[in-house]
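Notes follow once the structure below has been shown.
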Amino acid sequence: MRLTLLFCFFLCVGFNSSAQKFIQLEKTTSLKTKRFYIGETLTFRLNGDKYWYEDVIKDILVDDGLVVFYNRAVKVEDISAIKTYKDAGWSRAWAWRLWVFGGAYAFFNFVALPFDLAVSINALTWQVPSVALIAGLALRLIFKSKKYKIGKKRRLRLMDLEFTKPFIKP
């Protein structure tokens with residue numbers, strides 16, 4: 001049953017999908033790569049320019065070394081930096097921990113007030129949760145995006161893995 005479902009999946013998907021063309025960002029000392037596919041939004045900076053451009057990848061022309069966007073076509077050699085907006089996992093986790101700590105601290109302080117469990121309202125009642133919430137927000141904002149500078153350590157490659165059927169004359 002699994003084999004037939006797998007066969008039907010590959011039959012429906014076909015071999016000429018648009019996910020077989022992509023831009024690959026490589027680091028010289030690492031095997032990890034980042035891939036940007038057709039239809040994704042790419043934020044990039046051109047050589048000698050201080051502005052960031054954000055556009056959707058429409059097509060990739062490997063033979064010409066061009067990335068075609070909806071507004072322009074850019075040579076791969078002209079791209080000097082790429083920015084991604086996937087934040088670091090550790091910053092997301094620590095921000096969440098700080099928010100939970102601040103909320104729990106405030107909640108238990110205000111719940112203990114009516115029962116007079118040797119708790120009084122003082123400066124720490126509101127300062128500790130607010131500092132924790134602000135520190136968590138600052139972590140998320142500082143590590144929101146990551147910039148990759150293209151140069152000696154990193155390079156961009158245009159990849160085309162399409163396997164088209166050869167033309168056979170009848």
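Please read these numbers as outputs of a predicted model, since none were measured by experiment.
With contacts defined as side-chain heavy-atom distances shorter than 4.5 Å, the pair Gln24/Lys34 does not qualify. Side-chain contact check for Tyr85 versus Thr41: every heavy-atom pair is 4.5 Å or farther apart. Counting heavy atoms from C-beta outward, Asp55 and Leu42 have side chains that stay 4.5 Å or more apart.
Under the 4.5 Å side-chain heavy-atom criterion for ILVMFWY residues, no single connected hydrophobic cluster contains both Ile150 and Leu66. Taken together through direct or relayed side-chain contacts under 4.5 Å among Ile, Leu, Val, Met, Phe, Trp and Tyr, Ile38 and Val76 form part of one hydrophobic cluster. One hydrophobic cluster, built from ILVMFWY side chains closer than 4.5 Å, cannot hold both Val56 and Val67; they sit in different ones.
Asn47 places a side-chain N or O within donor-acceptor distance of the main-chain N or O of Glu77, the cut-off being under 3.5 Å. Side-chain atoms of Ser30 never come within 3.5 Å of backbone atoms of Lys27 as a donor-acceptor pair (strictly under, hydrogens ignored). In this structure a side-chain-to-backbone donor-acceptor pair under 3.5 Å is missing from Thr43 to Glu54.
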Can you give each donor-acceptor pair under 3.5 Å made by side-chain atoms of residues 93-106, sequence neighbours left out, with the distance rounded to 0.1 Å?
residue : atom : partner : partner atom : Å
Trp99   : NE1  : Leu133  : O            : 3.3

Evaluate salt bridge (Lys or Arg N to Asp or Glu O under 4.0 Å) for Arg154 paired with Glu26, printing each intermediate quantity in order.
CA-CA 6 Å; Arg154 289 189 173 86; Glu26 300 174 339; over 6 Å; no
For a side-chain contact (heavy atoms from CB on, under 4.5 Å) check, start with the C-alpha distance between Leu156 and Ile82, then their side-chain angles and the critical distance, and finish with the verdict.
CA-CA 10 Å; Leu156 285 176; Ile82 289 182; 3.6 Å; yes
Show your working on side-chain contact (heavy atoms from CB on, under 4.5 Å) between Tyr148 and Leu25 and close with a plain yes or no.
CA-CA 9 Å; Tyr148 299 100; Leu25 177 66; 3.6 Å; yes
Lys149 vs Lys147, side-chain contact (heavy atoms from CB on, under 4.5 Å): CA-CA, chis, key distance, verdict
CA-CA 6 Å; Lys149 189 174 180 181; Lys147 299 173 188 170; over 6 Å; no
side-chain contact (heavy atoms from CB on, under 4.5 Å) assessment of Phe36 paired with Thr84
CA-CA 10 Å; Phe36 304 99; Thr84 60; 3.9 Å; yes
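Within a 6.0 Å sphere centred on CZ of Phe110, heavy atoms belonging to other residues, nucleotides or ligands number more than 12. Around the NZ atom of Lys83, the shell of radius 6.0 Å holds more than 12 heavy atoms that belong to other residues, nucleotides or ligands.
Here the CG atom belonging to Asp160 is positioned 8.0 Å from the CD atom belonging to Gln20, to the nearest 0.5 angstrom. Expressed to the nearest 0.5 Å, how far OG1 of Thr28 lies from NZ of Lys152 amounts to 11.5 Å. With rounding to the nearest 0.5 Å, the separation of CZ in Arg45 from CG in Asp78 is 14.5 Å.
Residue Leu141 shares its hydrophobic cluster (ILVMFWY side chains chained together at separations under 4.5 Å) with Leu137.
Salt bridge present: Lys21 and Asp59 bring a charged side-chain N and a carboxylate O closer than 4.0 Å.
Between Leu158 and Leu61 the shortest heavy-atom distance is CD1-O, 3.8 Å.
Classification of the Phe69-Phe44 ring pair by plane angle, with boundaries at 30° and 60°, yields parallel.
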